[in-house]
Amino acid sequence: MDKILVHGGRSLEGDVRIGGSKNSALPILAATLLTKDRCVIDRVPDLSDIHYMLTILSQLGCEVERASGVVQVRAEKIRTEAPYEIVRKMRASVCVLGPLLGREKAAKVSLPGGCVIGDRPIDLHLKGFEALGATVTVKGGDILLEAKELKGARINLRGRHGPTVLGTGNIMMAAVLAKGTTIIEGAAEEPEVVDLARFLSAMGANISGAGTQQIEIEGVKELHGANHTVIPDRIEAGTFLVAGAIAGKRVTIRRAEPKHLGAVLEALKNAGFDLTQTEESVTISPNGARRPLHLETIPYPGFPTDMQAQFCALLSTMDGTSVVTETVFPQRFMHVAELKRMGASIELDDHRATINGVERLSGAPVMASDLRASAALVLAALPAEGITEINRVYHIDRGYEAIDEKLNALGAHIERVKV
Ligand code: EPU
């Protein structure tokens, strides 16, 4: 198990290239199960979550080849049971349910367990599958889906905490091969849903409305192989912008999609940072004049929950009192206790953090609890005094490609130590 040591106090300057989106690539790879033909997916990031997904596809019977960022999958003959040993490692494994049901009218996948960012139910996915005509049984820790045929239906996927991203993807993937028309109401509008719809359309699916709250899918008889390039990772992009804000002189993110970063760019501007952008890049130049923020996480196009921890780190180092409210995963504040170990002043009240900026954080041994919380600890450590030792960094490798090397290339001093 690796740990990383961040030697604080270096300032960052330069350009960083953003990789393909993890949360786009995962359901897109699952969608290759929908055809017997070869699919070629480009700009697939090299992350452990992607590795788990490719292993699941192999175990389901797919031929999988990977060369740098390009993954080829051929799902000529497939099985419908995903092995528990791998599924349990990654909650996003649930996104093979939709394509298995769509193509084979059957699926058996383990029910994902709890997760440190909170209780993560999949009731909305299951409600959608039932509406399409599947029988859903939960037995021995597995979800079993079976259907004689799938029929288009009108399904509302909005839950107590808003729409569901993977749920919207799962129902789209099951509905593309159903008979008739499916209308998803309360659909997630995230760019990752739009990217999946683009890939499914390239495979021959008939989908309209992706990126809005209502998606319409006209079922087709079969899908064919397709090539696709995954969109840039907006959360990796946002994380490096916060790195620039917290410890930078001038940092430019390249190969990004600034259009997907609206709420994050607005928050950084409101906090007083200078931003300049082109079609595929954003440059952040801290200018000294910083203002505290009131932030609330909201499904896209609102401020993303996946950037909440990183902003908590930033706001901890800025003058004044900021308030951060988490509405998507109300319990997603595992980073707060660790930031406090570094000297941050944060009060948690239910799903709201009140942050009083301190002059300087100090390095400490801390524990990574989940992906974005780990990123927040790395960011907090950049301007901190002394060395921060971050344990359990496998969390960060799930979603950031070589974050230590990329930050070092900008001037940080981060060591990875094998334990
Ligand atoms: N929810 C339900 N029932 C369901 C599904 C979700 O109540 O059946 C609730 C969740 O508990 C949560 C809210 O709805 O309160 C939104 O959850 P959503 O289903 O949208 O989350 P997800 O699709 O499982 C994806 C990303 C997460 C990201 C969320 C929200 C992937 C692989 N994961 O999860 O990414 O936080 O959308 O934007 O796409 C991350 O990358 O670090 C990460 C956790």
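Quick caveat, the model's predicted, so the values are computed rather than measured. Order of appearance sets the numbers: ligands from 1, and atoms from 1 within every ligand.
In terms of polar-atom proximity, defined here as any N/O pair under 3.5 Å, T164 does make such a contact with ligand 1. Looking at ligand 1, you'll find an N or O of L124 within less than 3.5 Å of one of its N or O atoms. For ligand 1, the polar-atom distance check finds no N/O of F329 at less than 3.5 Å from any of the ligand's N/O atoms.
Within the 4.5 Å cutoff, the side chain of L407 has heavy atoms near those of the F240 side chain. The closest side-chain heavy-atom distance from K22 to L26 is below 4.5 Å.
Heavy-atom proximity to H161, at under 4.0 Å, picks out these atoms of ligand 1: 13 (C), 15 (O). Those atoms of ligand 1 with a heavy atom of T305 less than 4.0 angstrom away are 30 (C), 36 (O), 38 (O). In the vicinity of V328, heavy-atom distances shorter than 4.0 Å reach the ligand 1 atoms 12 (C), 13 (C), 15 (O), 16 (C).
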Between Q213 and E185, is the side chain to side chain donor-acceptor pair (under 3.5 Å) condition met? List the steps. CA-CA 6 Å; Q213 286 171 20; E185 292 168 343; over 6 Å; no
Stepwise side chain to side chain donor-acceptor pair (under 3.5 Å) test for E216 and S208: CA-CA 5 Å; E216 198 168 318; S208 57; 5.0 Å; no
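In this structure, P27 has no heavy atom closer than 4.0 Å to ligand 1. Under the 4.0 angstrom criterion for non-hydrogen atoms, H125 is in contact with ligand 1.
The heavy atom nearest to atom 44 (C) of ligand 1, out of those in M307, R332, R91, Q308, is found in R332. When the options S93, P121, S21, G169 are ranked by their closest heavy atom to atom 6 (C) of ligand 1, first place goes to P121.
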Please list every donor-acceptor pair under 3.5 Å in which a side-chain atom of residues 165-181 meets a protein atom from a residue at least two apart or in another chain.
| from | atom 1 | to | atom 2 | distance (Å) |
| --- | --- | --- | --- | --- |
| T168 | OG1 | T164 | O | 2.5 |
| T168 | OG1 | A188 | N | 3.1 |
| N170 | OD1 | G98 | N | 2.8 |
| N170 | ND2 | V94 | O | 3.0 |
| N170 | ND2 | H125 | ND1 | 3.0 |
| K179 | NZ | E149 | OE1 | 3.2 |
| T181 | OG1 | E218 | OE1 | 3.0 |
| T181 | OG1 | E218 | OE2 | 3.2 |

Would you list the atom pairs, donor with acceptor, under 3.5 Å between side chains in residues 410-419 and any protein atom, with sequence neighbours excluded?
| from | atom 1 | to | atom 2 | distance (Å) |
| --- | --- | --- | --- | --- |
| E415 | OE2 | H7 | NE2 | 2.6 |
| R416 | NE | D404 | OD2 | 2.8 |
| R416 | NH1 | D2 | OD2 | 3.1 |
| R416 | NH1 | D397 | OD2 | 3.0 |
| R416 | NH2 | D397 | OD1 | 2.9 |
| K418 | NZ | D2 | OD1 | 3.3 |
| K418 | NZ | D2 | OD2 | 3.4 |

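Within a 6.0 Å sphere centred on NZ of K105, heavy atoms belonging to other residues, nucleotides or ligands number more than 12.
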